[in-house]
Amino acid sequence: MSTSVEPVKPMREFKAGALAVRIHESSELMARDAAATAHAHVREALSRQKTAAVILASASSQVRFLEVLVGLPGIDWSRLVLFHMDEYLGMSADHPASFRRFMRERVEAIVHPGAFHYIDGDASEPLKECGRYARLLGTHPIDLCCLGIGENGHIAFNDPPVADFADPSLVKLVKLDEVCRQQQVGEGCFPTLAAVPQYAFTLTIPALCSARKMVCVVPEKRKAQAVRGALSGPVTTVCPASILREQGHCALFLDEDSASLV
């Protein structure tokens, strides 16, 4: 029996620069199409090599995509090495808003990958933690990066004030801008803006884009402005996600709401 998964036909598709864009009428169809695409990339990598390395994003926008992906047949997760792309500085792994906890509960506990390497948000020496995680990334060429786009156009925690398309680092500490922090409140991760940490660890834009394949999943109307900036504005760190237009190995998955201004 075949364990391949058929992609879901989009209602509309086009290229924005080198970037493939697939628009669906619902977030459910979008999640299923993105998961089928990610599934195919992982299976292709595992057909060529003993293990595959994947970067995953922790955000409410990724929940349904991840639910579908971990439920699909045909992937030997014991052959996968997983990474996540950001974590709040000073946050324990058991905090309700911790991205490590998000990944443990939604991915690791379900599929039991060969390894899941986490950023230690409450490491006693944060700069050394950046170096440790960067070295891990450097020993595992990334086969797939699954990401989203923030309301301010960020990818991972590369907000406009700190984004760098030619960043020499793989992992760095950044100060989060207020739009990004307010998004975390809006998504229910924190009760108030004051409760949101001001600093975080993030994989840099070159680290994300170094993956052989990229799958970007962006539902909801609150992302529509950022999507428009990414697809039709100048390629600039004012909208960090605009760099995706130069990534021919990336596919962007939208629903009708997130694509409403495109």
Side-chain angles (χ1 to χ4, degrees), residues 1-8 30-87 93 98-121 129-130 132-148 155-157 170-171 201-218 244 247 249-253:
M1 181 185 294
S2 172
T3 50
S4 62
V5 178
E6 289 298 316
V8 180
M30 176 210 67
R32 284 166 48 193
D33 189 27
T37 301
H39 180 272
H41 290 330
V42 171
R43 280 175 53 83
E44 187 272 332
L46 290 176
S47 73
R48 293 181 290 100
Q49 56 205 47
K50 289 183 179 180
T51 62
V54 179
I55 296 170
L56 298 174
S58 314
S60 62
S61 64
Q62 307 300 300
V63 169
R64 184 56 185 151
F65 160 71
L66 290 172
E67 285 176 346
V68 177
L69 179 61
V70 300
L72 292 177
I75 292 177
D76 180 356
W77 288 87
S78 70
R79 295 170 60 195
L80 264 62
V81 177
L82 304 183
F83 296 87
H84 64 140
M85 57 183 62
D86 41 26
E87 180 60 288
S98 166
F99 294 147
R100 284 171 285 172
R101 179 171 176 170
F102 180 103
M103 285 298 171
R104 281 202 321 270
E105 295 177 351
R106 290 175 170 83
V107 178
E108 186 178 24
I110 297 169
V111 296
H112 309 291
F116 204 137
H117 295 300
Y118 292 110
I119 300 169
D120 185 1
E129 176 62 8
C130 289
R132 181 193 72 85
Y133 208 68
R135 287 190 295 275
L136 280 171
L137 285 165
T139 60
H140 295 281
I142 304 300
D143 295 285
L144 174 66
C145 175
C146 302
L147 68 159
I155 50 178
F157 269 146
L170 294 177
V171 184
F201 296 88
T202 187
L203 270 61
T204 61
I205 291 173
L208 302 175
C209 294
S210 71
R212 289 184 60 250
K213 299 287 185 181
M214 301 175 76
V215 168
C216 188
V217 183
V218 189
L244 297 179
Q247 312 305 312
H249 57 301
C250 184
L252 173 63
F253 296 83

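Just so it is clear, the model here is predicted, and its values are computed rather than measured.
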Between Ala57 and Gly148, the two heavy atoms sitting closest are CB-N, 4.3 Å
So, does Asp143 use its side chain to make a donor-acceptor pair with the main chain of Val54 at under 3.5 Å? no
Decide yes or no for Met85 and Thr202: does some side-chain heavy atom of the first lie under 4.5 Å from some side-chain heavy atom of the second? no
Do Phe65 and Met30 touch side chain to side chain, with heavy atoms closer than 4.5 Å? no
Going by side chain to side chain donor-acceptor pair (under 3.5 Å), name the residues that satisfy it together with Arg32, two or more places apart in sequence or in a different chain. none
Looking only at heavy atoms, which two atoms of Lys50 and Arg79 are closest? And how far apart? O-NE, 2.8 Å
Contact check, side chains of Glu67 and Arg64, non-hydrogen atoms, under 4.5 Å: yes
Validation row: Ile119, Leu203 side chains within 4.5 angstrom (heavy atoms): yes
A side-chain contact here means heavy atoms from C-beta on lying under 4.5 Å apart; do Arg106 and Val63 qualify? yes
Parallel, tilted or perpendicular: which fits the ring planes of Phe83 and His117, with parallel below 30° and perpendicular above 60°? tilted
Are any non-hydrogen side-chain atoms of Leu80 and Leu46 less than 4.5 angstrom apart? yes
Partner of Tyr118 under side-chain hydrogen bond (donor to acceptor under 3.5 Å, both in side chains), picked from Glu108, Arg104, Arg101, Arg100, is Glu108
May I ask you to decide if the ring planes of Phe116 and His84 are parallel, tilted or perpendicular, using 30° and 60° as cut-offs? perpendicular
Distance-only side-chain donor-acceptor flag, Tyr133 / Glu87, under 3.5 Å: no
Do you know which two heavy atoms are closest between His249 and Ala211, and how far apart they sit? CD2-O, 2.9 Å
Tightest non-hydrogen contact, residues Leu244 and Met214, listed as CD2-CE, 3.9 Å
Tell me, please, which residues at least two apart from Arg132 pass side chain to side chain donor-acceptor pair (under 3.5 Å). Glu129
Closest non-hydrogen atoms of Ala109 and Glu105, given as atom of the first, atom of the second and distance, are CB-O, 4.4 Å
